[in-house]
Enquirer: 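I have a structure I would like to understand better, so I am pasting it below and will then ask my questions one at a time.
Below, each value reflects all heavy atoms present in this structure, side chains not excepted, and no hydrogens, waters or symmetry copies. This structure is a prediction, so every number in the text was calculated from the model and none was measured. First listed ligand is number 1; within each ligand, the first listed atom is number 1.
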Amino acid sequence: MSTLPPVSPAPLERKKITTLAFRQKKARGEKIAVLTAYDYPSALTLDRAGMDCILVGDSLGMVVLGYENTLPVTMDEMIHHCRAVARGAKSALLIGDMPFLSYQVSVEEAVRNAGRFLQQGGMDAVKLEGGRERLDVVRAIVGAGIPVMGHLGLTPQSVHQLGGFRPQGRTAASAKRLLEDALLLEQAGCFSIVLESVPARLAELVSRRLSIPTIGIGAGAGCDGQVLVFHDLLGLFDRFTPKFVKQYAHLNAAMRSAFDEYIADVRAGRFPAGEHTVEMAEEEWEEFVKLDKPKSVKRKV
Ligand code: KIV
(Lines give C-alpha, C1' and ligand atoms only; values in the text may rest on other atoms or scores of the structure.)
Protein backbone atom coordinates (compact mmCIF):
# COMPACT_ATOMS: atom_id res chain seq x y z
CA MET A 1 0.00 0.00 0.00
CA SER A 2 1.36 3.46 -0.84
CA THR A 3 2.11 5.72 2.13
CA LEU A 4 1.49 9.45 2.10
CA PRO A 5 4.18 11.86 3.36
CA PRO A 6 3.36 13.63 6.65
CA VAL A 7 1.70 17.03 6.27
CA SER A 8 2.93 19.86 8.48
CA PRO A 9 0.29 20.78 11.07
CA ALA A 10 -1.93 23.80 10.50
CA PRO A 11 -0.32 26.92 12.01
CA LEU A 12 -2.21 28.85 14.66
CA GLU A 13 -4.87 31.30 13.38
CA ARG A 14 -3.23 33.99 11.26
CA LYS A 15 -4.30 37.58 11.09
CA LYS A 16 -6.20 38.45 7.89
CA ILE A 17 -3.85 39.86 5.25
CA THR A 18 -5.17 43.15 3.89
CA THR A 19 -4.16 45.45 1.04
CA LEU A 20 -2.65 47.68 3.72
CA ALA A 21 -0.47 44.78 4.86
CA PHE A 22 0.75 44.52 1.24
CA ARG A 23 2.03 48.10 1.35
CA GLN A 24 3.53 47.60 4.82
CA LYS A 25 5.39 44.51 3.63
CA LYS A 26 6.92 46.51 0.79
CA ALA A 27 7.91 49.30 3.18
CA ARG A 28 9.62 46.73 5.44
CA GLY A 29 11.31 45.04 2.48
CA GLU A 30 9.43 41.76 3.08
CA LYS A 31 8.74 39.76 -0.07
CA ILE A 32 5.12 38.81 -0.79
CA ALA A 33 4.21 35.21 -1.75
CA VAL A 34 1.21 34.81 -4.07
CA LEU A 35 -0.16 31.70 -5.76
CA THR A 36 -3.27 31.09 -7.80
CA ALA A 37 -5.98 28.68 -6.65
CA TYR A 38 -9.35 27.71 -8.03
CA ASP A 39 -10.97 25.35 -5.53
CA TYR A 40 -11.69 24.73 -1.84
CA PRO A 41 -9.07 22.09 -0.87
CA SER A 42 -6.24 23.92 -2.63
CA ALA A 43 -7.20 27.22 -0.98
CA LEU A 44 -7.37 25.54 2.43
CA THR A 45 -3.87 24.10 2.03
CA LEU A 46 -2.37 27.35 0.72
CA ASP A 47 -3.92 29.31 3.56
CA ARG A 48 -2.61 26.85 6.15
CA ALA A 49 0.84 27.04 4.55
CA GLY A 50 0.84 30.79 5.22
CA MET A 51 0.47 32.10 1.65
CA ASP A 52 0.12 35.91 1.77
CA CYS A 53 -2.31 36.14 -1.11
CA ILE A 54 -4.38 33.85 -3.31
CA LEU A 55 -5.27 34.97 -6.81
CA VAL A 56 -8.24 33.28 -8.43
CA GLY A 57 -6.72 33.89 -11.85
CA ASP A 58 -8.54 33.64 -15.15
CA SER A 59 -5.71 31.18 -15.92
CA LEU A 60 -8.34 28.78 -14.59
CA GLY A 61 -9.67 28.78 -18.16
CA MET A 62 -6.50 27.04 -19.32
CA VAL A 63 -5.38 24.92 -16.37
CA VAL A 64 -8.78 23.85 -15.00
CA LEU A 65 -11.36 24.26 -17.77
CA GLY A 66 -9.16 23.24 -20.71
CA TYR A 67 -9.66 26.32 -22.93
CA GLU A 68 -6.92 27.30 -25.41
CA ASN A 69 -6.46 30.69 -23.70
CA THR A 70 -8.17 32.87 -21.09
CA LEU A 71 -10.59 34.62 -23.47
CA PRO A 72 -13.61 32.28 -23.10
CA VAL A 73 -13.71 32.59 -19.29
CA THR A 74 -16.98 34.14 -18.06
CA MET A 75 -17.94 36.11 -14.96
CA ASP A 76 -20.12 33.21 -13.77
CA GLU A 77 -17.21 30.75 -14.04
CA MET A 78 -14.97 33.14 -12.09
CA ILE A 79 -17.53 33.68 -9.35
CA HIS A 80 -18.16 29.93 -9.02
CA HIS A 81 -14.45 29.29 -8.38
CA CYS A 82 -13.99 32.37 -6.19
CA ARG A 83 -16.74 31.14 -3.86
CA ALA A 84 -14.99 27.78 -3.46
CA VAL A 85 -11.64 29.46 -2.72
CA ALA A 86 -13.22 31.88 -0.24
CA ARG A 87 -14.71 28.93 1.69
CA GLY A 88 -11.21 27.46 2.08
CA ALA A 89 -8.99 30.50 2.77
CA LYS A 90 -9.72 32.77 5.69
CA SER A 91 -6.44 34.66 6.17
CA ALA A 92 -4.78 35.17 2.80
CA LEU A 93 -5.71 38.26 0.80
CA LEU A 94 -8.12 37.01 -1.88
CA ILE A 95 -8.04 38.56 -5.35
CA GLY A 96 -10.47 37.75 -8.16
CA ASP A 97 -9.28 38.19 -11.73
CA MET A 98 -11.72 40.11 -13.93
CA PRO A 99 -12.25 38.08 -17.11
CA PHE A 100 -12.15 39.31 -20.71
CA LEU A 101 -14.98 41.76 -21.55
CA SER A 102 -16.08 42.12 -17.93
CA TYR A 103 -14.38 45.55 -17.63
CA GLN A 104 -13.59 46.67 -21.19
CA VAL A 105 -17.10 47.52 -22.43
CA SER A 106 -18.12 50.31 -20.06
CA VAL A 107 -17.07 51.78 -16.75
CA GLU A 108 -20.50 51.04 -15.28
CA GLU A 109 -20.35 47.37 -16.23
CA ALA A 110 -16.82 47.16 -14.88
CA VAL A 111 -17.86 48.51 -11.46
CA ARG A 112 -20.85 46.15 -11.32
CA ASN A 113 -18.72 43.13 -12.23
CA ALA A 114 -15.96 44.10 -9.80
CA GLY A 115 -18.64 44.36 -7.12
CA ARG A 116 -19.81 40.81 -7.84
CA PHE A 117 -16.35 39.51 -6.93
CA LEU A 118 -16.73 40.94 -3.42
CA GLN A 119 -20.48 40.53 -2.96
CA GLN A 120 -20.94 37.05 -4.45
CA GLY A 121 -17.41 35.66 -4.78
CA GLY A 122 -16.11 36.43 -1.28
CA MET A 123 -13.00 38.18 -2.66
CA ASP A 124 -11.18 41.12 -1.04
CA ALA A 125 -9.99 42.76 -4.27
CA VAL A 126 -9.97 42.41 -8.05
CA LYS A 127 -7.25 42.34 -10.70
CA LEU A 128 -7.52 43.66 -14.24
CA GLU A 129 -5.15 43.91 -17.19
CA GLY A 130 -3.92 47.03 -18.96
CA GLY A 131 -2.36 50.43 -18.40
CA ARG A 132 -3.31 53.95 -19.52
CA GLU A 133 -6.39 52.70 -21.40
CA ARG A 134 -7.88 51.40 -18.13
CA LEU A 135 -7.43 54.41 -15.87
CA ASP A 136 -11.12 55.45 -15.88
CA VAL A 137 -12.15 51.93 -14.97
CA VAL A 138 -9.55 51.65 -12.19
CA ARG A 139 -10.59 55.01 -10.71
CA ALA A 140 -14.28 54.07 -10.80
CA ILE A 141 -13.77 50.65 -9.18
CA VAL A 142 -11.46 52.07 -6.51
CA GLY A 143 -14.01 54.86 -6.05
CA ALA A 144 -16.61 52.23 -5.28
CA GLY A 145 -14.40 50.99 -2.43
CA ILE A 146 -13.01 47.96 -4.25
CA PRO A 147 -9.22 47.50 -4.18
CA VAL A 148 -7.68 46.97 -7.62
CA MET A 149 -4.48 45.16 -8.59
CA GLY A 150 -3.11 46.14 -12.02
CA HIS A 151 -1.43 43.81 -14.51
CA LEU A 152 1.19 44.97 -17.05
CA GLY A 153 3.64 43.35 -19.45
CA LEU A 154 2.35 40.12 -20.94
CA THR A 155 -1.38 40.53 -20.51
CA PRO A 156 -2.89 37.20 -21.66
CA GLN A 157 -6.32 38.67 -22.51
CA SER A 158 -4.54 40.62 -25.30
CA VAL A 159 -2.81 37.52 -26.65
CA HIS A 160 -4.00 38.18 -30.21
CA GLN A 161 -2.96 41.83 -30.13
CA LEU A 162 0.46 40.89 -28.70
CA GLY A 163 0.97 38.20 -31.34
CA GLY A 164 1.23 35.35 -28.83
CA PHE A 165 2.37 34.73 -25.27
CA ARG A 166 5.63 36.67 -25.62
CA PRO A 167 7.77 38.78 -23.26
CA GLN A 168 7.03 42.52 -23.23
CA GLY A 169 9.02 45.71 -22.57
CA ARG A 170 12.17 44.56 -24.33
CA THR A 171 12.67 47.69 -26.44
CA ALA A 172 13.55 51.10 -24.97
CA ALA A 173 10.21 52.56 -26.16
CA SER A 174 8.06 49.75 -24.77
CA ALA A 175 10.01 49.77 -21.49
CA LYS A 176 9.34 53.52 -21.16
CA ARG A 177 5.64 52.96 -21.88
CA LEU A 178 5.43 50.19 -19.29
CA LEU A 179 7.05 52.38 -16.61
CA GLU A 180 4.65 55.22 -17.43
CA ASP A 181 1.68 52.85 -17.27
CA ALA A 182 2.79 51.55 -13.87
CA LEU A 183 3.04 55.10 -12.49
CA LEU A 184 -0.38 55.98 -13.94
CA LEU A 185 -1.98 52.88 -12.40
CA GLU A 186 -0.49 53.78 -9.03
CA GLN A 187 -1.88 57.33 -9.32
CA ALA A 188 -5.28 55.92 -10.31
CA GLY A 189 -5.40 54.00 -7.03
CA CYS A 190 -4.13 50.46 -7.67
CA PHE A 191 -2.81 48.87 -4.46
CA SER A 192 -0.40 46.58 -6.32
CA ILE A 193 0.63 45.66 -9.88
CA VAL A 194 1.48 42.30 -11.47
CA LEU A 195 4.41 42.49 -13.88
CA GLU A 196 4.34 39.50 -16.22
CA SER A 197 7.15 38.39 -18.49
CA VAL A 198 9.20 41.59 -18.59
CA PRO A 199 12.98 42.01 -18.36
CA ALA A 200 14.23 41.68 -14.79
CA ARG A 201 16.09 44.99 -14.75
CA LEU A 202 13.01 46.84 -15.98
CA ALA A 203 10.82 45.17 -13.34
CA GLU A 204 13.34 46.07 -10.66
CA LEU A 205 13.41 49.72 -11.73
CA VAL A 206 9.60 49.88 -11.84
CA SER A 207 9.46 48.32 -8.36
CA ARG A 208 11.84 50.97 -7.01
CA ARG A 209 9.86 53.83 -8.60
CA LEU A 210 6.51 52.72 -7.16
CA SER A 211 5.40 52.91 -3.56
CA ILE A 212 2.88 50.09 -4.11
CA PRO A 213 4.22 46.52 -4.35
CA THR A 214 4.92 44.83 -7.68
CA ILE A 215 4.21 41.13 -7.95
CA GLY A 216 6.33 39.47 -10.61
CA ILE A 217 5.81 36.44 -12.78
CA GLY A 218 8.69 35.95 -15.16
CA ALA A 219 9.96 39.38 -14.12
CA GLY A 220 12.99 38.52 -12.00
CA ALA A 221 13.84 38.75 -8.33
CA GLY A 222 13.67 42.55 -8.08
CA CYS A 223 9.88 42.62 -7.69
CA ASP A 224 8.30 43.04 -4.26
CA GLY A 225 6.62 39.64 -4.49
CA GLN A 226 6.16 36.67 -6.78
CA VAL A 227 3.16 34.85 -8.19
CA LEU A 228 2.93 31.51 -9.97
CA VAL A 229 0.09 29.46 -11.34
CA PHE A 230 -0.82 26.61 -8.96
CA HIS A 231 -0.69 23.90 -11.63
CA ASP A 232 2.69 25.10 -12.94
CA LEU A 233 4.30 25.11 -9.48
CA LEU A 234 3.06 21.58 -8.75
CA GLY A 235 3.85 20.16 -12.19
CA LEU A 236 0.17 19.41 -12.81
CA PHE A 237 -0.20 21.04 -16.22
CA ASP A 238 2.00 19.54 -18.89
CA ARG A 239 0.55 21.20 -22.03
CA PHE A 240 3.39 23.69 -21.78
CA THR A 241 5.58 25.12 -19.03
CA PRO A 242 6.81 28.72 -19.39
CA LYS A 243 10.55 29.27 -18.93
CA PHE A 244 9.97 31.31 -15.76
CA VAL A 245 8.20 28.50 -13.91
CA LYS A 246 9.97 26.58 -11.16
CA GLN A 247 8.31 23.21 -10.60
CA TYR A 248 8.36 22.38 -6.88
CA ALA A 249 6.72 18.99 -7.43
CA HIS A 250 5.84 16.63 -10.26
CA LEU A 251 2.28 15.81 -9.34
CA ASN A 252 1.20 14.89 -12.85
CA ALA A 253 3.63 11.96 -12.80
CA ALA A 254 2.61 11.10 -9.21
CA MET A 255 -1.10 11.17 -10.18
CA ARG A 256 -0.49 9.04 -13.25
CA SER A 257 1.32 6.35 -11.27
CA ALA A 258 -1.43 6.37 -8.59
CA PHE A 259 -4.11 5.92 -11.29
CA ASP A 260 -2.11 3.10 -12.96
CA GLU A 261 -1.76 1.33 -9.61
CA TYR A 262 -5.49 1.71 -8.85
CA ILE A 263 -6.56 0.35 -12.23
CA ALA A 264 -4.22 -2.63 -11.85
CA ASP A 265 -5.47 -3.31 -8.28
CA VAL A 266 -9.14 -3.22 -9.33
CA ARG A 267 -8.53 -5.49 -12.31
CA ALA A 268 -6.53 -7.96 -10.19
CA GLY A 269 -9.08 -7.94 -7.32
CA ARG A 270 -6.48 -6.52 -4.88
CA PHE A 271 -8.71 -3.52 -4.12
CA PRO A 272 -10.72 -3.30 -1.94
CA ALA A 273 -8.86 -5.33 0.71
CA GLY A 274 -10.25 -6.25 4.15
CA GLU A 275 -9.26 -2.90 5.69
CA HIS A 276 -11.29 -0.98 3.08
CA THR A 277 -14.42 -3.07 3.66
CA VAL A 278 -17.45 -2.56 5.91
CA GLU A 279 -18.59 -5.64 7.90
CA MET A 280 -21.59 -6.55 10.07
CA ALA A 281 -21.83 -8.60 13.30
CA GLU A 282 -22.03 -12.37 12.83
CA GLU A 283 -25.35 -12.70 14.72
CA GLU A 284 -26.92 -9.98 12.55
CA TRP A 285 -25.78 -11.82 9.46
CA GLU A 286 -27.24 -15.14 10.73
CA GLU A 287 -30.52 -13.40 11.50
CA PHE A 288 -30.53 -11.91 8.04
CA VAL A 289 -29.89 -15.32 6.44
CA LYS A 290 -32.91 -16.71 8.36
CA LEU A 291 -35.07 -13.78 7.22
CA ASP A 292 -33.92 -14.33 3.69
CA LYS A 293 -34.94 -18.06 3.64
CA PRO A 294 -37.81 -18.53 1.19
CA LYS A 295 -41.08 -19.21 3.07
CA SER A 296 -42.74 -22.54 2.16
CA VAL A 297 -45.87 -21.80 0.18
CA LYS A 298 -48.99 -23.76 1.27
CA ARG A 299 -50.78 -25.21 -1.70
CA LYS A 300 -54.52 -25.29 -1.90
CA VAL A 301 -55.76 -28.87 -2.20
O1 KIV B 1 -4.64 34.47 -14.44
C2 KIV B 1 -3.62 34.39 -13.75
O3 KIV B 1 -3.35 33.35 -13.12
C4 KIV B 1 -2.74 35.54 -13.69
C5 KIV B 1 -1.41 35.37 -13.04
C6 KIV B 1 -0.53 34.54 -13.87
C7 KIV B 1 -0.79 36.66 -12.68
O8 KIV B 1 -3.08 36.57 -14.17
Enquirer: Please enumerate all residues that pass ring pair (Phe, Tyr, Trp, His ring centres under 6.0 Å) together with F259, with sequence neighbours excluded.
Expert: none
Enquirer: Working note: R23 + D224, criterion salt bridge (Lys or Arg N to Asp or Glu O under 4.0 Å); need CA distance, chi angles, decisive distance, verdict.
Expert: CA-CA 10 Å; R23 272 175 175 270; D224 302 303; over 6 Å; no
Enquirer: Please determine, by modelled atom types, if S211 and E186 share a side-chain donor-acceptor pair under 3.5 angstrom.
Expert: yes
Enquirer: Working note: D47 + K90, criterion salt bridge (Lys or Arg N to Asp or Glu O under 4.0 Å); need CA distance, chi angles, decisive distance, verdict.
Expert: CA-CA 7 Å; D47 208 39; K90 300 298 172 204; over 6 Å; no
Enquirer: Return a table of N or O atom pairs, ligand 1 on one side and protein on the other, at distances under 3.5 Å, rounded to 0.1 Å.
Expert:
| from | atom 1 | to | atom 2 | distance (Å) |
| --- | --- | --- | --- | --- |
| ligand 1 | 1 (O) | D58 | N | 3.2 |
| ligand 1 | 1 (O) | D58 | OD1 | 3.0 |
| ligand 1 | 1 (O) | S59 | N | 3.0 |
| ligand 1 | 1 (O) | S59 | OG | 3.3 |
| ligand 1 | 1 (O) | D97 | OD2 | 3.1 |
| ligand 1 | 3 (O) | S59 | OG | 2.5 |
| ligand 1 | 8 (O) | K127 | NZ | 3.0 |

Enquirer: Holding to ring pair (Phe, Tyr, Trp, His ring centres under 6.0 Å), I want the full list of residues that pass it with H231, two or more places apart in sequence or in another chain.
Expert: Y38
Enquirer: Which residues satisfy the ring pair (Phe, Tyr, Trp, His ring centres under 6.0 Å) test with F22, sequence neighbours excluded?
Expert: F191
